[in-house]
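First comes the structure, then the notes that go with it.
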Amino acid sequence: QVQLVESGGGLVQTGESLTLSCAASGRTLRDRVTGWFRQAPGNEREFVAAIDRSGGTYYAESVKGRFTISRDNGKNTVSLQMNGLEPGDTAVYYCALSPRTAFFASMSYVTAQKSYETWGPGTQVTVSS
């Protein structure tokens, strides 16, 4: 029943900004943990950011201070604002939804791919130098 679709990917130059959005159907994102992951060619999928039911946010060290995750309850979307983009940020970005209903999450929980059951098809982000 639950489906996720990412949007907002594109081609930008180093230092520019881009905002990704994750739209959900069949589930209220406010009631779950939503995470962003990314995968570059030849690399494993890695955690980027997450937001839990309380609005608490979690970030990978590589993006902390540059990326901001937020939730729009009216639109039922979760966004990832990416500033100061670097070539190393080039990857396919995926949003994922966890079945967890607890109000608070933890870093260990949100960074684990096994914590999520629903994944979007991904959106490409390319940062040129």
Side-chain angles (χ1 to χ4, degrees):
Q1 291 288 98
V2 183
Q3 292 185 316
L4 303 176
V5 179
E6 304 94 340
S7 63
L11 174 64
V12 297
Q13 296 186 43
T14 298
E16 295 184 340
S17 299
L18 202 61
T19 300
L20 306 181
S21 294
C22 176
S25 62
R27 180 67 65 190
T28 301
L29 294 178
R30 181 188 178 187
D31 297 334
R32 298 288 188 273
V33 171
T34 302
W36 282 97
F37 290 76
R38 67 187 183 186
Q39 186 169 25
N43 293 348
E44 296 183 346
R45 188 170 299 184
E46 64 177 355
F47 170 77
V48 178
I51 185 168
D52 64 21
R53 294 189 63 188
S54 74
T57 56
Y58 310 80
Y59 298 95
E61 288 296 326
S62 60
V63 306
K64 191 175 298 182
R66 298 189 297 123
F67 291 10
T68 302
I69 188 171
S70 62
R71 181 172 59 233
D72 187 323
N73 295 328
K75 297 180 179 179
N76 197 33
T77 59
V78 169
S79 298
L80 183 68
Q81 175 68 47
M82 306 184 294
N83 298 325
L85 285 165
E86 307 167 351
D89 296 317
T90 295
V92 176
Y93 284 70
Y94 303 88
C95 65
L97 187 65
S98 169
R100 181 185 180 89
T101 59
F103 193 66
F104 299 102
S106 65
M107 193 67 177
S108 61
Y109 181 86
V110 302
T111 57
Q113 295 185 47
K114 293 183 177 180
S115 298
Y116 303 85
E117 291 187 344
T118 305
W119 296 77
T123 185
Q124 177 71 47
V125 173
T126 302
V127 185
S128 65
S129 59

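- Side-chain polar atoms of Ser128 and Gln13 form no donor-acceptor pair below 3.5 angstrom.
- By the criterion of side-chain heavy atoms lying less than 4.5 angstrom apart, applied directly or through intervening Ile, Leu, Val, Met, Phe, Trp or Tyr residues, Leu80 is not grouped with Val33; the two fall into different hydrophobic clusters.
- Sorted by first and then second residue, the pairs that involve residues 44-57 and meet salt bridge (charged side-chain N to carboxylate O under 4.0 Å, His left out), not counting sequence neighbours, are Asp31-Arg53, Arg38-Glu46.
- Between Phe37 and Tyr116, the angle of the ring planes goes over 60°, which puts this pair in the perpendicular group of the 30/60° scheme.
- Contacts classified as disulfide bond (SG atoms under 2.5 Å apart) and involving residues 82-129 (residues at least two apart or in different chains) are given here: Cys22-Cys95.
- With a 4.5 Å cut-off on side-chain heavy atoms, Met82 and Asp89 do not count as touching.
- In this structure, Val12 and Ser17 have side chains that are not in contact, with every pair of non-hydrogen atoms separated by 4.5 Å or more.
- Although no hydrogens or angles enter the test, the distance criterion places a donor-acceptor pair under 3.5 Å between the side chain of Thr90 and the main chain of Val127.
- Other residues, nucleotides and ligands place no more than 12 heavy atoms under 6.0 Å from the CD atom of Glu117.
- Checked against a 6.0 Å centroid threshold, the rings of Tyr58 and Phe47 do not count as neighbours.
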Practice task
Determine, stepwise, if the pair Arg71 / Leu29 fulfils side-chain contact (heavy atoms from CB on, under 4.5 Å).
Solution key: CA-CA 8 Å; Arg71 181 172 59 233; Leu29 294 178; 4.2 Å; yes
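- Side chain of Arg30 to main chain of Asn73: no donor-acceptor pair is present (N/O by atom type, distance under 3.5 Å, no hydrogens or angles).
- In terms of hydrophobic clustering, with Ile, Leu, Val, Met, Phe, Trp and Tyr side chains grouped at heavy-atom distances under 4.5 Å, Leu4 and Trp36 are assigned to a common cluster.
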Handout entry: side-chain contact (heavy atoms from CB on, under 4.5 Å) between Tyr93 and Glu6, worked out
Key = CA-CA 8 Å; Tyr93 284 70; Glu6 304 94 340; over 6 Å; no
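- For Ala91 against Gln124, the heavy-atom pair with the smallest separation is O-NE2, 3.5 Å.
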Practice task
Please assess Leu85 against Glu16 for the test side-chain contact (heavy atoms from CB on, under 4.5 Å), listing each intermediate value before the final yes or no.
Solution key: CA-CA 6 Å; Leu85 285 165; Glu16 295 184 340; 5.5 Å; no
